[in-house]
Amino acid sequence: MTAGWHVSVTWPEVAQAARAHQRRAVAKLVTQFEDPRPAAAAVRREVIAALDADGARLGRVIGLTGAPGAGKSSLVGALATAIVADGGSLAVVAVDPSSPVSGGAFLGDRTRVRFPPDEPRLYFRSQPSRGALGGLAPSTFQVCRLLARLYDTVIVETVGVGQSEIEVAAIADATFLVIAPHGGDEVQFMKAGIMEIPDGFVLSKDDLGAGAERAHAQLRAALRLSGVGPRPIFRTSAQRGAGITELAQVWAAISPGGLTAREPAQFARWVADEHGRAAAARLNAAGGAAAYLAAHGGFDAAQLAFAGA
Ligand SMILES: Nc1nc2c(ncn2[C@@H]2O[C@H](COP(=O)(O)OP(=O)(O)O)[C@@H](O)[C@H]2O)c(=O)[nH]1
Ligand SMILES: [Mg+2]
């Protein structure tokens, strides 16, 4: 199948250009990984096969959640600079309840200044979340399957505390919750079940003095009271660049490659979302998602088969 720029450009060729971080090629592939139609699943199958045959390895996927204004995007901007300075590459998928499908102001103007705009080892994608209250987009997992093969690290930034945290933790190798000092009060109201989900907490805006101390004390107390085991707490200031290299080092130590193990659960979710409960029951009766994926030769082939079944 050809990729449509020119009759002679094939998907494996686009995949190779994307591996070299050619932005246009990456964007062209992302579009295919966001497309819910069966024809796109056929393209994905071809692209993943080409990338894997070309030696692409899965990078790590990091979930970053927190209330609006917590400082997530500013943190991502600062970390992106640190990651690239360290020789790494990074893709960011920002899932935003308010952003349009394309062209949404993604990191905000302030952060964009901190983000080297022409750096090929950095890639941004903004996606609208499925629900008004946050959470992932229908194609976030798919896009991560692609981007994790092209970049060392993929950050999935989601808005909200609660549902989006649970959804992003289901696809990420590690998840961090960002809390701003002025939002410290919300720590007291976090349910134990929610506090268990992040692998670590980031207290942002550490330049704000006493508020930051108070938020830190509240978070430690809340973790103790909720019975959640020890969790690392990182203190950062995107504005001053404090704590950024430390967090970047912690992230660089997170084992990559967890996405493949997430495929059965994400496939089951896709079946339920796209084809309904009767179809989900059919999948279970047929032995479950993992067996279906194995029998059909992977995620995209299984989507094709299920859509045609
Ligand atoms: N003082 C201070 N303000 C910050 C810092 N990081 C972000 N902010 C501000 O907090 C607001 C929200 O930041 P943003 O990164 O967009 O938060 P997001 O909604 O969680 O992505 C903006 O006005 C930022 O300028 C920081 O380290 N220190
Ligand atoms: Mg943001």
Side-chain angles (χ1 to χ4, degrees), residues 61-83 90-117 122-137 140 143-144 153-165 167-169 172 175-187 190 194 197-198 200-216 219 233-248 250-251:
V61 178
I62 295 172
L64 199 62
T65 73
K72 300 178 294 300
S73 296
S74 303
L75 186 67
V76 166
L79 280 158
T81 306
I83 287 170
L90 172 72
V92 180
V93 181
V95 190
D96 186 338
S98 61
S99 79
V101 176
S102 59
F106 154 44
L107 282 182
D109 290 343
R110 270 187 216 85
T111 309
R112 221 174 260 158
V113 174
R114 290 175 164 270
F115 199 97
L122 297 175
Y123 181 79
F124 278 155
R125 184 70 179 184
S126 162
Q127 296 188 321
S129 69
R130 84 175 57 214
L133 296 177
L136 299 182
T140 304
V143 167
C144 286
T153 300
V154 178
I155 296 176
V156 180
E157 179 188 334
T158 61
V159 176
V161 172
Q163 190 55 32
S164 65
E165 212 171 288
E167 286 188 12
V168 77
T175 303
F176 294 81
L177 177 63
V178 181
I179 299 170
H182 52 74
D185 291 337
E186 83 202 19
V187 169
M190 282 167 70
I194 294 296
I197 290 165
F201 294 83
V202 180
L203 285 175
S204 61
K205 312 186 191 182
D206 202 23
D207 50 279
L208 292 183
E213 287 304 331
R214 195 168 129 256
H216 192 211
L219 179 56
I233 300 173
F234 302 94
R235 298 177 62 161
T236 61
S237 167
Q239 200 175 76
R240 293 200 185 149
I244 303 299
T245 32
E246 290 82 352
L247 189 55
V250 167
W251 284 12

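Just so you know, ligand 1 is whichever comes first in the structure, and atom 1 is the first atom listed for that ligand. Computed from a predicted model, the values in this text were never measured in an experiment.
At a threshold of 2.8 Å, the Mg ion (ligand 2) has no backbone or side-chain N, O or S atom of Asp96 nearer than that distance. For residue Ser74, no N/O/S atom approaches the Mg ion (ligand 2) to within less than 2.8 Å.
For the pair Thr81/Ile83, no side-chain contact is recorded, criterion being any heavy-atom separation below 4.5 Å from C-beta on. Residues Val178 and Leu75 form a side-chain contact, since some pair of their non-hydrogen atoms from C-beta on lies under 4.5 Å apart. Side-chain contact between Trp251 and Leu79 is present, with heavy atoms from C-beta onward closer than 4.5 Å.
Interface of Ala67 with ligand 1, defined as ligand atoms under 4.0 Å from a residue heavy atom, comprises 20 (O). Atoms of ligand 1 found under 4.0 Å from any heavy atom of Glu157, numbered from 1 in the order shown, are 21 (O). Listed by atom number, the atoms of ligand 1 under 4.0 Å from Ser73 heavy atoms are 15 (O), 18 (P), 21 (O). Those atoms of ligand 1 with a heavy atom of Leu208 less than 4.0 angstrom away are 1 (N).
Atom OE2 is the N/O/S atom of Glu157 found closest to the Mg ion (ligand 2).
Rounding to the nearest 0.5 angstrom, the gap separating the CG atom in Leu90 from the OG1 atom in Thr153 is 6.0 Å. Taken from SG in Cys144 to CD1 in Ile155, the straight-line distance is 11.0 Å, to the nearest 0.5 Å.
Contacts with ligand 1 closer than 4.0 Å are made by heavy atoms of both the backbone and the side chain of Ala238.
For the ligand labelled ligand 1, residue Ala70 lies inside the 4.0 Å heavy-atom shell. Ligand 1 has no atom lying under 4.0 Å from any heavy atom of Gly66.
Looking at Lys72, its side chain does come within 3.5 Å of a backbone N or O of Ala67 through a donor-acceptor pair. In terms of modelled atom types and a separation under 3.5 Å, the side chain of Glu167 and the main chain of Leu136 share a donor-acceptor contact.
Checking only distances, Asp206 never comes within under 3.5 Å of ligand 1, N or O to N or O.
Between Ser237, Gly69, Ala78, Ala212, it is Gly69 that holds the heavy atom closest to atom 19 (O) of ligand 1.
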Subject >> salt bridge (Lys or Arg N to Asp or Glu O under 4.0 Å) between Arg235 and Glu246, intermediate numbers included >> reply: CA-CA 9 Å; Arg235 298 177 62 161; Glu246 290 82 352; over 6 Å; no
